[in-house]
Amino acid sequence: IQATLAFVAATPALGALGYPIAHLGVFVFFLVMMQASHYFITAFAKGRLGPKWYSWMLDNQLHHIAASAYSWGWARFIPEKWYARFVALLKPMNRPFQIGAYALEALVPFALLDWRVALFFLFGLSVFHVVVFLTSGIFFWEWAVANVLIALLILGLPEAALAMAFGWHA
């Protein structure tokens, strides 16, 4: 993650040093591939939890993480009654949230097909990390920041670099 952040931060300097900016598409391809692989492997691991590949999505009790986090001190500034209501609201959302998280992680390789699809996944995964943080206190901030920085890098690339980074030929 730190290497990703360093590379994204150094990218404008590469262009200033005369490095062909279109060739940055190769590096962006590998950055997106690296991010996608880390998320895809978590979907693969979730598919191995339980007797069926979809057991995690249908049987996991996600709302228990929020309740446990509160019992360990997360968000204690919120009155217990309010937080109990929040956890109760999360319970019927277990399956939709879990199916959404699984889909986001399992389908992330499609980010390599088009830069707009990559932006959807990069920003979507960053939002995912913020939601996990707000509900449980678990915060993979480096991942969220890396995703946003890569997305911003993609937004700043010229067409030639985007063509080199995304699509079937990449």
Side-chain angles (χ1 to χ4, degrees), residues 1-8 26-76 78 80 82-155 165-168 170:
I1 295 298
Q2 288 144 349
T4 301
L5 297 177
F7 176 77
V8 171
V26 174
F27 294 111
V28 169
F29 171 81
F30 284 110
L31 285 174
V32 174
M33 173 70 88
M34 181 182 67
Q35 291 297 95
S37 70
H38 284 90
Y39 288 104
F40 183 76
I41 197 70
T42 61
F44 180 77
K46 286 178 177 101
R48 296 178 48 109
L49 295 173
K52 305 233 190 275
W53 68 268
Y54 52 83
S55 294
W56 180 86
M57 288 184 283
L58 301 183
D59 300 333
N60 192 34
Q61 299 298 311
L62 193 62
H63 66 286
H64 289 298
I65 294 173
S68 177
Y70 187 80
S71 72
W72 283 96
W74 175 249
R76 283 299 181 124
I78 300 172
E80 187 175 345
W82 291 5
Y83 204 82
R85 283 188 207 137
F86 171 68
V87 171
L89 288 173
L90 285 179
K91 187 175 181 178
M93 298 305 293
N94 277 334
R95 285 187 178 169
F97 284 163
Q98 289 162 185
I99 291 168
Y102 186 84
L104 196 60
E105 292 171 341
L107 298 175
V108 73
F110 287 108
L112 297 165
L113 295 179
D114 186 87
W115 64 270
R116 292 167 288 259
V117 176
L119 291 177
F120 168 80
F121 279 104
L122 291 166
F123 286 125
L125 289 163
S126 293
V127 169
F128 163 78
H129 286 299
V130 171
V131 170
V132 169
F133 173 67
L134 293 174
T135 57
S136 69
I138 302 168
F139 196 27
F140 293 98
W141 69 269
E142 289 177 324
W143 286 94
V145 169
N147 289 337
V148 169
L149 288 177
I150 294 168
L152 293 175
L153 175 62
I154 290 169
L155 286 170
F166 299 99
W168 289 108

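None of these values were measured; they are calculated from a predicted model. Scope of the values below: all heavy atoms of this structure, side chains included, with no hydrogens, waters or symmetry mates. If you read the sequence from its start, that first residue is 1, and numbering goes on from there.
For the atom pair CE of M34 and OH of Y39, the computed distance is 10.0 Å after rounding to the nearest 0.5 Å. Interatomic distance, N60 CG to I65 CD1, rounded to the nearest 0.5 Å: 6.0 Å. Residue L31 holds its CG atom at 5.0 Å from CD1 of I150, rounded to the nearest 0.5 Å. Between atom CE of residue M93 and atom NE2 of residue H63 there is a gap of 13.5 Å, rounded to the nearest 0.5 Å. In this structure, the separation between CG on L104 and CD1 on I99 is 13.5 Å, given to the nearest 0.5 Å. One distance of note links NZ of K52 with CG of L58; it measures 11.0 Å at 0.5 Å rounding.
A donor-acceptor pair under 3.5 Å links the side-chain atoms of Y70 to the main chain of E80, judged by distance alone. A donor-acceptor distance shorter than 3.5 angstrom exists from the side chain of S71 to the backbone of S68, with no hydrogens or angles considered.
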Review point. W141 and F133: ring-ring contact (aromatic ring centres under 6.0 Å, His included), yes or no, with the steps?
Key: CA-CA 9 Å; W141 69 269; F133 173 67; over 10 Å; no

Practice item. Decide yes or no on side-chain contact (heavy atoms from CB on, under 4.5 Å) for Q35 and F121, but give the supporting numbers first. Key: CA-CA 10 Å; Q35 291 297 95; F121 279 104; over 6 Å; no

Review point. Going through the checks in order, is the side-chain contact (heavy atoms from CB on, under 4.5 Å) test met by N147 and H129?
Key: CA-CA 10 Å; N147 289 337; H129 286 299; 4.3 Å; yes

Exercise for review: Would you sort out whether W115 and L155 count as a side-chain contact (heavy atoms from CB on, under 4.5 Å), showing the intermediate values?
Suggested key: CA-CA 8 Å; W115 64 270; L155 286 170; 4.2 Å; yes

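The nearest pair of heavy atoms linking L62 to Q98 is CB-OE1, 3.1 Å. The nearest pair of heavy atoms linking A43 to A106 is CB-N, 3.5 Å. Contact detail for A111 and A118: the closest heavy-atom pair is O-CB, 3.3 Å. Minimum heavy-atom separation, T135 to F86: CG2-CZ, 3.6 Å. The nearest pair of heavy atoms linking A69 to S136 is CB-O, 3.2 Å. Of all non-hydrogen atoms in A36 and V108, the two that sit nearest each other are O-CG1, 3.3 Å.
Heavy-atom neighbours of F139 CZ from other residues, nucleotides or ligands within 6.0 Å: above the threshold of 12. Counting non-hydrogen atoms of other residues, nucleotides and ligands closer than 6.0 Å to CZ of F30 gives a total of 12 or fewer.
Put simply, the side chain of L119 reaches to within 4.5 Å of the side chain of I154, judged on heavy atoms. In this structure, the side chains of W74 and Y83 come closer than 4.5 Å at one or more pairs of heavy atoms. With contacts defined as side-chain heavy-atom distances shorter than 4.5 Å, the pair L153/L149 does not qualify. A 4.5 Å side-chain heavy-atom check between F166 and V117 finds every atom pair outside the cut-off. Looking at heavy atoms from C-beta onward, Y102 lies in side-chain contact with W53 at the 4.5 angstrom threshold.
Residues passing the side-chain hydrogen bond (donor to acceptor under 3.5 Å, both in side chains) test with T42, sequence neighbours excluded: E105.
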